[in-house]
Every structure is written in structure tokens, then in C-alpha cells.
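Just below is one structure, and these are the notes that go with it.
Below, all heavy atoms of this structure are taken into account, side chains as well, without hydrogens, waters or symmetry copies.
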Amino acid sequence: MRYFFITLFAIFLFIMFTFAQKKKTADAASSDPQVTGYMQGFPPVGDKIISVRDGSFFQFPALRYSVVHMREFMPTVNVPRGNMVPVSHFEYDLDEHIDSVTFLPTGKERRITWRESLDLNYTDGIIILHKGRVAYEKYFAELTPDRVHAVMSVTKSFTGLLAAALYAEGRLDPTKLVSDYVPELSSSGFADATVRQLMDMTTAIKFSEDYTDPTAEIWAFSSAGNPMLPSVDGTRGYYDYLKGVKKDGEHGNIFGYRTVNADALGWVVSRITGKSVAQLVTEYFWNRMGMEQDAYYQVDALGVPFAGGGLNASLRDLARIGEMIRLGGVWHGERILPVGAVEDILHGGDIQAFEKSEQGKILKGWSYRDMWWVTNNKNGAFMARGVHGQAIYIDPAAQMVIVRLASSNLASNLLIDPLSLPAYSAVAEYLMKKD
């Protein structure tokens, strides 16, 4: 009986997920929330109502509405821009020819244009910076310049930035065990993992993120962190769940992309600083960089920010983050990240550990460092990635930053990459030739 309710809830969510998969037929135009009419009216009625309690808010095409309205479904904590620093406005040098840049999607025989790819990936907003200037910026569906969007697992890369910053400042020792910083995890699978293994996701823990498996641990973790649902099996909040994670193998041997690593790292970062990841993101970035909009984090029942996927931010503000990182941690002449933080990301992770993973079979030559994906391509590109198409793509050689926010009918980036990665490379080549 102990896991009966967890299993029951997981099966329910699995059925909802499977049902949603079968409905993934609407194209970008017909799935636009302004067409589908979700949550419209005073009050909305019938099948236009979507909710956290039944999982409908995260089903496609309802997802296309909720990604821009997460605060209306879940409790959150603010990441304020503050009023002490004026908005750091971008210079614009828009290039209409980018829409006509063509590329060959992976595994396809027909070249398509950049503009065609945006609809195929259900893009909600996209911005391209070249040498710090805006070369391209467009909004679709529910997203507008003054709205924020869920960034999903791009959040992990923010958690990684905080850890890299603390490491560069000498406040975090990545050779120490996770349990040295968080004794509450001494009986968990994280106990004898080093913080570096946590940062680079080479921990060996029993945790599946297979959304097609109703028994996958991701469902129980999501339930534990969802304050809109009753506590299951006494587990309340993200940290409570982390204490029960089991070890499975030897740490350090293989890359394993698991959200709980990010939340465990968030706990380490918060224990070192005495501040939540939301407070730290505010202090490091949002209060100092002239952001346009407040951001926010989804929180659990105890007010703990979801360090693995709960950040919501605007397109331009994410572009500011990307450009600051491209410049080595400096923004408008001010050092935002300590010397060494970005260099540690660019150092890259263990390529051999990565190539043993599911992702490594497809993303050949890549690695993972500080919760950033390092392509190791000829341009030295690296990126933050989130389900349903979220991305911050930084190409140092092309002096380019691309931020894409999306609500794709596909969750896994491995399924979205055939359209997006060749597109990013094609625009980089175009901009480099233009120079």
C-alpha cells in the first residue's frame, strides 16, 4: 500500500500523456491559443478550461497557452528586476534576409528556410543577437515582448551558473561530497557523489524521466513538488523527495540527465549561501543587468523554488543573460559572473561519460558541464536546453546568441534537434559570411 497512491497518480498522468500524444496533429496556426480559445471568457467554460489538477494545462495544444501563464496555475516566487538599475536597451540592426536562410534538417532530403522552421517547432518567440545587436526578433501565439515564458530545463543552466560562480569565488568545493554540504542527503543516493558529479550529471541514481513509463520516478517527483496536489506517501516538497532517491551504480562513469540532480545542486547552493536560488538569480542577474521584466520561479508547498525547471522569464532578458555569458561574464562593462565561471563551462565535461548515454548516441562529441550542453563543434557553441523547445544557444565564433521559447508538440529536444540545431548553425554561417 505504501506506493499505491503514487502509482495510481502516475498511471493517471501516463494516460493523460498518452492521450495528449495521440492528439498532436494541430499545426502552429491552428494550435495558437488565440484560435483554440483556452481560458477565455468570464469565466471560461467547458473544454476551454485547463488545470493543474487534471494535468490538462501541460497537454498539447493547451500547453501553448499555459507556458505564458504559469503563474495563473502554480504558486510562484518573484525574481524582481528592481528599480535601481535602468533598463539596458539593445541596439537593433534587423536583418530581413535571415528568414530566407536555408538548411537541411537532419535526416531529411529537402532544404527548408529559417522562417519555415519556426512554425514547425511551434516557436513562441525568438531573438538573435549578433555582436550584441538584435539582428532578428519575432513573437508568436501568446508571447509578447512584455510577457514571460516558462523556460523549463533552461532553469538547470541557471542553477549551474550559480554553482560555477560559487566555485570561482572559492565558496564551493566541487571535490567535496554532496552530503558534506547537505547532511540531510546522507542516506540518499547522492550521499557519496561529489558536487562536481552533481554539476555535470554523472551521478548514478535510480531516477527515470521516461514520460512514456507510468512507473517512472519523474511522476512521483512532480507530484511531491506540486502544491496543488495532496501529499503522496508523506512526501512534501522537492527536498523531501530528494532524501529518498536511491543509488544505482557507480558515480562518475556515465552522464545521466536527471532533473533531481539540479534540485540537489540547488539545495547545495542554497545551503552555502543561505539564500534560495530565486534570491540568488535576483542578486546575481536581475537586480544588476537592467532587465525589462520581473521573472519568477515555480515553488513547492514549502516555498522552495524548482531549481530544475521552474524559471519563467522574458525573451529579451534571456538574451541579456546569453550575451553576458558570451562576453565571459561581463555586461555593459560590469563583471556579473566572477572570473573563471564561464571558463569552467567552456572547459566542457567528460566526453566519454557523455557518449555512453542515450543523448551521446545522437549528440556525437558533445559533453555536459555545470548544467550546460557543450557541443564541441568547430565554433565552440554551447547551450541551455529545455523541453518543448526552449533554448539559449551561444556561438562564440559567430559572436551570436539565439534564444528560442516554444511550445512544441514534442517534449524531448532529441526530437526537436533535427530542425533546430542545423538551423542555428546555418544562421551562424550566414552571419559569419556577412561579416
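Taking 4.0 Å as the cut-off between side-chain N and carboxylate O, E184 and R271 count as a salt-bridged pair. Taking a cutoff of 4.0 Å between a charged side-chain nitrogen and a carboxylate oxygen, R196 and D350 do not qualify as a salt bridge. A salt bridge does not link D395 to R326: none of the charged side-chain nitrogens sits closer than 4.0 Å to a carboxylate oxygen. In this structure, R316 does not pair ionically with D146, as no charged nitrogen and carboxylate oxygen lie closer than 4.0 Å. Ion pairing between a basic and an acidic side chain is recognised when a charged N comes within 4.0 Å of a carboxylate O; E217 and K206 show such pairing. Checked for salt-bridge contact, R320 and E323 miss the test: no charged N lies under 4.0 Å from a carboxylate O. Under 4.0 Å is where a charged nitrogen must lie from a carboxylate oxygen, and between E283 and K275 at least one such pair does.
A donor-acceptor contact closer than 3.5 angstrom is absent between the side chains of S153 and Q390. In this model, no donor atom of one side chain and acceptor atom of the other lie less than 3.5 Å apart for Y239 and D300. Side-chain contact check for T202 and D200: no donor-acceptor pair (N or O, by modelled atom type) lies under 3.5 Å. Counted by atom type alone, Y296 and Q298 present zero donor-acceptor pairs between their side chains at under 3.5 Å. S208 and D210 share no donor-acceptor pair across their side chains, judged by distance under 3.5 Å alone. Between the side chains of T235 and D240, no donor-acceptor pair is found at a separation under 3.5 Å. Judged purely by distance below 3.5 Å, without hydrogens or angles, the side chains of D317 and S314 pair a donor atom with an acceptor atom.
Listed for the E355 side chain is no donor-acceptor partner under 3.5 Å among the backbone atoms of G365. Looking only at distances, a side-chain donor or acceptor of S186 sits under 3.5 Å from a matching main-chain atom of P183. Between the side chain of N287 and the backbone N or O of P80 there is at least one donor-acceptor pair closer than 3.5 Å. Side-chain atoms of S30 do not come within 3.5 Å of backbone N or O of A26 as any donor-acceptor pair. Distance alone, capped at 3.5 Å, is enough to place a donor-acceptor pair between the S88 side chain and the G290 backbone. A donor-acceptor distance shorter than 3.5 angstrom exists from the side chain of K156 to the backbone of G308, with no hydrogens or angles considered. Here the side chain of H130 pairs no donor or acceptor atom with the backbone of M400 at under 3.5 angstrom. Proximity of a side-chain donor or acceptor of E91 to a complementary backbone N or O of G132 within less than 3.5 Å is not detected. A donor-acceptor pair under 3.5 Å links the side-chain atoms of W286 to the main chain of Q293, judged by distance alone.
Side-chain contact between F221 and D263: present, with at least one pair of heavy atoms (C-beta onward) separated by less than 4.5 Å. Within the 4.5 Å cutoff, the side chain of F60 has heavy atoms near those of the S31 side chain. Counting heavy atoms from C-beta outward, V403 and I392 have side chains that approach closer than 4.5 Å. Between F58 and I50, every side-chain heavy-atom pair lies at or beyond the 4.5 Å cut-off. In this structure, F190 and V260 have side chains that are in contact, with non-hydrogen atoms separated by less than 4.5 Å. Side-chain contact between I394 and M383 is absent, with no heavy atoms from C-beta onward closer than 4.5 Å.
W373 and F354 have perpendicular rings, their planes meeting at more than 60° on a 0 to 90° scale where under 30° would count as parallel.
Taking the six-membered ring for Trp and the full ring otherwise, the centers of F306 and Y297 sit at least 6.0 Å from each other. Under the 6.0 Å cut-off for aromatic ring centres, Y65 and H69 qualify, their centroids lying closer than that.
Tested against D124 for a side-chain hydrogen bond (donor to acceptor under 3.5 Å, both in side chains), the candidates R64, R147, H388, R404 yield a single pass: R64.
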Evaluation steps, side-chain hydrogen bond (donor to acceptor under 3.5 Å, both in side chains), between H149 and N312
CA-CA 5 Å; H149 191 288; N312 294 252; over 6 Å; no
For K131 and D93: C-alpha separation, side-chain torsions, deciding distance, then whether salt bridge (charged side-chain N to carboxylate O under 4.0 Å, His left out) applies.
CA-CA 10 Å; K131 297 181 179 179; D93 185 14; over 6 Å; no
Apply side-chain hydrogen bond (donor to acceptor under 3.5 Å, both in side chains) to S408 and N121, showing your working.
CA-CA 6 Å; S408 172; N121 274 336; 5.2 Å; no
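Judged by the 6.0 Å and 45° rule, K176 forms a cation-pi pair with Y181.
Taken from CH2 in W219 to CG in N226, the straight-line distance is 12.0 Å, to the nearest 0.5 Å.
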